[in-house]
Amino acid sequence: MSPVAECLIAFVFGSVVGLLVQRSRFCNTAALRDAMLFKTFRNTKALLVAMMVLTIGFTGFISIGAGNPMRFDVGLNQILGLFLFGTGMVLAGACTVSTWVKAGEGNFGAVWALLFTFIGMFLFSLIWSFLYWPPAPSAMTGELSIERLQLGFSNAETLQEKTGIPAIVFGLIQAAVLFYIYQAIRRKEAKQQGSSGVESV
Amino acid sequence: MEFFRKTLDPVIALGAIAVLDIFLFLLVGAWTVGGGETMMTGLIAQFFIGDSINQIPFWQEVFKPDAGYWKIYISLGMLFGAIVGAVASKEFFWRFPKRLSEWVMITVGGLLMGIGIRLAFVCNVSTFFGLTPELNLGGYLSMSGIIAGAWFGSLIYKRVLEG
């Protein structure tokens, strides 16, 4: 596919996402923060449903050799990086999606968060230039490397190759776990509604 | 139009986005935002510092500035879609953080998000809508990090709210 076509597809996809997120008020930050702080799960349920659909869809296509899964080594940097990110998104009140969507609604705080996300990325690029860690994609080996704190690379595709079991089987197991969590949340909500009903009586 | 008058159920919205993301996965790759933002950072830095950017190894070895990088256009599309949605539903208006504590939290939060994305090579979108559904080990590592981070951030957020 030509780069122009790729950019066009990405723009159309992004536009629909922006519209749907704006109209639904979905926020990834709220999906985690509200569940932890306020015990409300409006966004958490939506996140789980999307993950269920995606797990079945991605692993289904990976089973037949289709799709473009991400391929890069992973390790301690994912845990540390997303810990910083998770803290940051709660403080900023927006994640990568909602900063763009809220900016599109005229929220200057989101524009400010976006500006400092860019500044944070640039600052990290300076630090990386001294540390050379985590390894650049060209230096990744796909194998376990203790000294580089890297666990290598593994996904549904490699699981299928190593076990001979179609990726969709693992996908269905993950989707079942996600569905169990979704149902547990719904039961919790029903219980909360029940107890608030008794209080109001 | 009804669509612009009522709030859409996020389960329906995210279900639809997930189906579209599967098509995107088949054509170019799963939905991600951090990579596009990094490339934008490189392009903006190049605009301001010119060829000096070539002296920073990160922008040579990890992300070579390229305006034709497809992931940039997902973010620009999201901005465009959100503007259309906000204007059509008469929800567009300029809002500014009121308290100094909000400005400080947004500034620190933005910086942490930027540093975190680059350290991890992934963002929250790749974690939940890309890596984990691909059963990528990185997805589970990232999820454990983001949940711990959100919990820690919530403690700070709660303290600031109460203070």
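What you see is a predicted model; the values in this text were computed from it and never measured. Here is the naming used below: chain letters follow the sequence lines, and residue numbers restart at 1 for every chain.
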Side-chain donor/acceptor of [X] to backbone N/O of [Y], under 3.5 Å:
{"X": "A:Gln78", "Y": "B:Gly138", "value": "no"}
{"X": "A:Gln183", "Y": "A:Tyr180", "value": "no"}
{"X": "A:Thr87", "Y": "B:Gly149", "value": "yes"}
{"X": "A:Gln192", "Y": "A:Lys39", "value": "yes"}
{"X": "A:Gln160", "Y": "A:Ala167", "value": "yes"}

Measuring from [X]:[atom1] to [Y]:[atom2], what's the distance to the nearest 0.5 Å?
{"X": "B:Ile117", "Y": "B:Asn124", "atom1": "CD1", "atom2": "CG", "answer": "7.0 Å"}
{"X": "B:Ser142", "Y": "A:Phe85", "atom1": "OG", "atom2": "CZ", "answer": "10.5 Å"}
{"X": "B:Leu141", "Y": "A:Ile79", "atom1": "CG", "atom2": "CD1", "answer": "4.5 Å"}
{"X": "B:Phe152", "Y": "A:Phe83", "atom1": "CZ", "atom2": "CZ", "answer": "5.5 Å"}
{"X": "A:Gln22", "Y": "A:Ser98", "atom1": "CD", "atom2": "OG", "answer": "12.5 Å"}

Taking side chain as everything from C-beta outward and backbone as N, CA, C, O, which of these in [X] sits under 4.5 Å from a heavy atom of chain B? Side chain, backbone, both or neither.
{"X": "A:Met1", "result": "side chain"}
{"X": "A:Phe170", "result": "both"}
{"X": "A:Ile56", "result": "neither"}
{"X": "A:Gln174", "result": "side chain"}
{"X": "A:Phe13", "result": "side chain"}
{"X": "A:Leu54", "result": "both"}
{"X": "A:Ile127", "result": "neither"}
{"X": "A:Thr29", "result": "neither"}
{"X": "A:Leu37", "result": "side chain"}
{"X": "A:Ala94", "result": "backbone"}

Under a 3.5 Å cutoff, is there a donor and acceptor pairing between the side chains of B:Gln60 and B:Lys64?
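There is such a pair (donor and acceptor under 3.5 Å, judged by atom type) between the side chains of B:Gln60 and B:Lys64.
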
Could you check which of [options] has the highest count of heavy-atom pairs closer than 4.5 Å to chain A?
{"options": "B:Phe80, B:Tyr140, B:Trp103", "answer": "B:Trp103"}
{"options": "B:Ser144, B:Gly15, B:Ser89, B:Pro97", "answer": "B:Ser89"}
{"options": "B:Trp31, B:Phe96, B:Phe23", "answer": "B:Trp31"}
{"options": "B:Leu20, B:Asp21, B:Ile147, B:Ile72", "answer": "B:Asp21"}
{"options": "B:Tyr69, B:Trp151, B:Phe63, B:Trp70", "answer": "B:Trp70"}
{"options": "B:Gly77, B:Ala86, B:Gly139", "answer": "B:Gly77"}

In terms of heavy-atom pairs under 4.5 Å with chain B, which of [options] leads?
{"options": "A:Ile9, A:Val16, A:Val74, A:Thr158", "value": "A:Val74"}
{"options": "A:Asn107, A:Thr59, A:Ile119, A:Asn28", "value": "A:Asn28"}
{"options": "A:Arg71, A:Met70, A:Glu157, A:Arg33", "value": "A:Met70"}
{"options": "A:Phe122, A:Trp100, A:Phe130", "value": "A:Trp100"}
{"options": "A:Trp133, A:Tyr132, A:Phe26", "value": "A:Phe26"}
{"options": "A:Ala92, A:Ser15, A:Gly93", "value": "A:Ser15"}

Partners of A:Val12 by side chain to side chain contact (heavy atoms under 4.5 Å, CB included), sequence neighbours excluded?
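In terms of side chain to side chain contact (heavy atoms under 4.5 Å, CB included), with neighbours along the sequence ignored, A:Val12 is linked to no residue.
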
Report yes or no: is the cationic atom of B:Arg95 (NZ for Lys, CZ for Arg) under 6.0 Å from the centre of the six-membered ring of A:Phe108, at an angle within 45° of the ring normal?
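No, B:Arg95 and A:Phe108 do not form such a contact.
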
Would B:Arg5 pass as a cation-pi partner of B:Phe3, given that its NZ or CZ must be under 6.0 Å from the six-membered ring centre and within 45 degrees of the axis?
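No - B:Arg5 does not lie over the ring of B:Phe3 by the 6.0 Å and 45° rule.
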
Neighbourhood of chain B inside residues 41-53 of chain A, taking heavy atoms under 4.5 Å as contact:
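When heavy atoms of chain B are the reference, residues 41-53 of chain A contributes A:Arg42, A:Lys45, A:Ala46, A:Leu47, A:Val49, A:Ala50, A:Met51, A:Val53 within the under-4.5 Å range.
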
Select all residues of residues 140-155 of chain A having any heavy atom within less than 4.5 Å of some heavy atom of chain B, and report them by number, or 'none'.
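Answer by number: A:Met140, A:Leu151, A:Phe153, A:Ser154, A:Asn155.
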
In terms of heavy-atom proximity below 4.5 Å to chain A, should B:Val122 be classed as side chain, backbone, both, or neither?
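Both parts, heavy atoms under 4.5 Å.
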
Under 4.5 Å heavy-atom distance to chain A, tell me which part of B:Thr127 shows up: side chain, backbone, both or neither.
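Contact with chain A is through the side chain of B:Thr127 alone.
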
Should B:Leu76 and A:Phe11 be marked as a side chain to side chain contact (heavy atoms under 4.5 Å, CB included) after you check the CA-CA gap, both sets of side-chain angles, and the distance that decides it?
CA-CA 7 Å; B:Leu76 296 179; A:Phe11 186 79; 4.3 Å; yes

Between side-chain atoms of residues 41-53 of chain B and protein atoms elsewhere (two or more places apart, or another chain), which donor-acceptor pairs fall under 3.5 Å?
from: B:Thr41; atom 1: OG1; to: B:Glu37; atom 2: O; distance (Å): 2.9
from: B:Ser52; atom 1: OG; to: B:Ile49; atom 2: O; distance (Å): 3.2

